[in-house]
Amino acid sequence: MSLYTRFTTHLDAVLDALEADGTLPAGLNRKAVTVEPPRDASHGDLATNAAMVLAKPAGTNPRALAEKIVAQLAALDEVQSTAIAGPGFINMTLTEAVWRTELSALHAEGDAYGRSDIGQGVTVNVEYVSANPTGPMHMGHCRGAVVGDALATLLEYVGHKVIREYYINDAGGQVDVLARSAHLRYREALGEDVGAIPEGLYPGDYLVPVGQALATEHGDRFVGAPEAEWLVAFRTFAVARMMDMIRDDLALLGIHHDVFASEAALQAAGKPDEAEAWLRAHDLVYDGVLEAPKGELPDDWEPVKLPLFRSTQFGDDQDRPIKKSSGAWTYFGADMAYHFQKAQVADQLIDIWGADHAGTVKRIQAAVAALTEGKARFDVKLIQMVRLLRDGEPVKMSKRAGNFVTLADVVGEVGKDVVRFTMLTRKADAQMDFDFAKVVEASKDNPVFYVQYAHARISSLDRRAAEAGIELPVPDLSRLGTEELALVKLAAQFPRVVEGAALTREPHRIAFYLNDLASAFHGWWNVGNDRPEARVILADDPATTSARLFLSRGIGQIIRNGLALMGVAALTEMQ
RNA sequence: GCACCCGUAGCUCAGCAGGAUAGAGCAUCAGAUUCCUAAUCUGAGGGCCAUGGGUUCGAAUCCCGUCGGGUGCACCA
């Protein structure tokens, strides 16, 4: 149980007691009651708003209520002093012993410090990446991949059961284009001069080996054959090869999905038909005429009658087609069934999407709400675009021209850890620049290095301590002074930060916290520049040295735990 | 036209499910290295939290309007 959770429990007990003696009416809603560190450390270690929140429903005034609460909180062993401040805040200063104990707990729990069970084993399906299987991953996919993966790790860490899933869009027109592109490369592999790759086909070189493999397998028998004879086979083969590539790309980032779900397989299994039947039975799908698109009307637009899902009943602007006039499923029609399927395995769903799909969020949420009858929690997290910069200039990318920057290129250039950390240094819904020069820069405006440097310094202390051989087997933590305990207090916030990040599903909070922690550590370290007696390793004072090393390792542990959540390795020395 | 996202220091961004005097880095200015890695640190200046209302004991945070920026808006995926 984390320190903050523990005090929430203490406070609850106090409020129970006040209910029992009639000071507070029974059954007050305590949802808004919080126990948290005050923004300003001079106010103490913990603050609660309980008196302010509960005064009104209790028919009293905040300060009077605060007096009663304080009387009981002050009696706790762990509380050194209390104060009522401002409009009714209750501030508590804890005894130094609390922080020393917390530091010991941090060591005892080690890698598990920060874990919790707030997820209560609830299964969450996180679908992320789901890039079309038509080529290697490029930088556009990178941020969503990292955020999704970090979020999945984070949710696991707080006690959720997590399914990491990738949806393979292997049923639409794009994979037919892939098949045709592969067919061209197949002919090329058999010696034909295909010239420039025509407009409308994928031009990338990565299809050359696919063509060669197809040539080896089939010989020339499909060279002049009608499309119907080879399309499915070529498509299936090419998609499988593309997925191999994508899995390799993801592995470069340390990302591994549990489930790869195929849209084609879903359709073959008749899932969209089942969903449609159910929705029709509930009058949520009807045959109607699609409204004209908003804004400028396309030249070739004409009204058509299609099966439409009543997404307007769930807040969408218009009803959405689930089938095309050809009778084939729309992307949405299949996706709807796909989400329904996921919701039968998991209690909660999270989709990580690029912000360019923002317009389709409402319809899929509508579909999930309809099909699960509002029972499944379903969040779509939109990830804003990343602008790639080199020497301050945007890097031009065009998928059509085949000159996009691949994920493999970027990871190869700056490394997995830098990519992952950088992608988590911004809120997901804020746009972000990725500047090659800056992300590899070794300075404090690069948080990757700043945090790594702190960890490396801690490791260096361990090495030096081992050389000096002065460390005592059991550290005497009373040697830790105010400056040191301030670091412990910051470290003790890690479990809270993790919880907050998990609840809001914002993994970037871990990155910001680690930066703060590293900053505090660097500050502490540098005190030794001015005052040699404040250094960690003091040759003539094994007791203080041991206590400070114990603290320093504790900070190192937090950095490792935090970096592990982000999927970033902690360095023991800088190069 | 409609929907979604955004608007916080000169710049890039945090702001923890409403809390106390709004924070950090960069940049600017003034300092610290016979010393465990100065790849670091200390200090100073810099704000009408776009704007007008509302809810609340209390709003950068929640709600509505306005202005400004971005993105999306076909049976594409």
Side-chain angles (χ1 to χ4, degrees), chain A residues 32 34 36-40 43 47 49 52-53 55-56 61-62 85-89 91 130 132 134 169 171-175 263 290-298 300-301 304 306 315-318 320-326 328-335 354-362 382 384-385 425-427 429-433 441-447 449-450 452-454 456-457 460-461 463-465 468 493 496-497 499-501 503-504 506 508-509 511-513 515-516 519 521-532 535-538 552 573-574:
Chain A
T34 58
E36 44 189 22
R39 185 164 293 176
D40 186 340
H43 289 132
N49 60 359
M52 291 182 290
V53 172
K56 199 172 186 181
N61 75 71
F89 283 103
N91 293 327
S130 299
N132 285 328
T134 55
N169 302 136
Q174 291 192 354
V175 284
E263 180 184 1
L290 193 60
E291 284 175 49
K294 311 278 160 116
E296 211 172 317
L297 208 58
D300 54 350
W301 186 84
V304 225
L306 294 169
D316 200 1
D317 327 330
Q318 57 178 254
R320 305 290 176 176
I322 60 170
K323 277 183 183 170
K324 309 178 199 176
S325 50
S326 66
W329 294 101
T330 61
Y331 180 82
F332 170 62
D335 204 27
D356 51 337
H357 289 75
T360 63
V361 171
K362 275 189 180 174
L382 294 177
Q384 283 293 339
M385 298 294 149
T425 52
R426 203 117 305 175
K427 248 184 332 200
D429 51 13
Q431 283 178 303
M432 146 173 182
D433 288 348
E441 189 183 321
S443 74
K444 65 177 163 183
D445 52 325
N446 183 351
F449 279 81
Y450 190 73
Q452 293 283 25
Y453 185 33
R457 276 182 157 171
S460 137
L461 285 176
R463 288 192 294 268
R464 285 180 183 269
Q493 289 195 30
R496 260 191 107 243
V497 171
E499 267 190 37
L503 287 172
T504 54
E506 293 181 340
H508 76 277
R509 291 187 188 192
F512 281 94
Y513 168 78
N515 206 49
D516 288 346
S519 172
F521 178 79
H522 285 310
W524 180 55
W525 171 292
N526 272 71
V527 173
N529 283 337
D530 298 330
R531 296 191 284 119
R535 292 178 197 170
V536 174
I537 297 175
L538 303 169
S552 144
E573 56 189 333
M574 307 300 281

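Order of the sequence lines sets the chain letters (A, B, ...), proteins ahead of strands, with each chain counted from 1.
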Round to the nearest Å and state the distance from A:Arg426 atom CZ to B:rA14 atom C1'. 9 Å
Ignoring backbone atoms, establish whether A:Lys323 has a side-chain N or O less than 4.0 Å from OP1 or OP2 of B:rC75. no
Taking only side-chain N and O atoms of A:Arg457, does any of them lie within less than 4.0 angstrom of OP1 or OP2 on B:rA38? yes
Between A:Arg320 and B:rC75, is there a side-chain N or O to OP1/OP2 distance below 4.0 Å? no
Counting the atoms with a prime plus P, OP1 and OP2 as sugar-phosphate, which does A:Pro62 contact under 4.0 Å by heavy atoms, base, sugar-phosphate, or nothing? nothing
5'-most contact on RNA chain B: A:Ala32 or A:Gly528, nearest heavy atom basis? A:Ala32
Does A:Glu499 form a salt bridge (Lys or Arg N to Asp or Glu O under 4.0 Å) with A:Arg496? I'd like the steps, not just the answer. CA-CA 5 Å; A:Glu499 267 190 37; A:Arg496 260 191 107 243; over 6 Å; no
Quick one: is A:Trp524 getting a side-chain N or O under 4.0 Å of the B:rC41 phosphate, OP1 or OP2? no
Taking only side-chain N and O atoms of A:Thr504, does any of them lie within less than 4.0 angstrom of OP1 or OP2 on B:rA17? no
Centroid separation under 6.0 Å, is that true for the rings of A:Phe89 and A:His43? no
Let me see the working for A:Arg457 and A:Tyr453 under side chain to side chain donor-acceptor pair (under 3.5 Å), right down to the final yes or no. CA-CA 6 Å; A:Arg457 276 182 157 171; A:Tyr453 185 33; 3.1 Å; yes
Nearest-Å distance once atom C1' is located in both B:rA14 and B:rA60: 12 Å
Does a nitrogen or oxygen in the side chain of A:Arg39 sit under 4.0 Å from OP1 or OP2 of B:rA20? yes
Could you tell me whether the phosphate oxygens of B:rA77, OP1 or OP2, come under 4.0 Å of any side-chain nitrogen or oxygen in A:Lys324? yes
For B:rG15, take OP1 and OP2 only and decide whether either is under 4.0 Å from a side-chain N or O of A:His508. yes
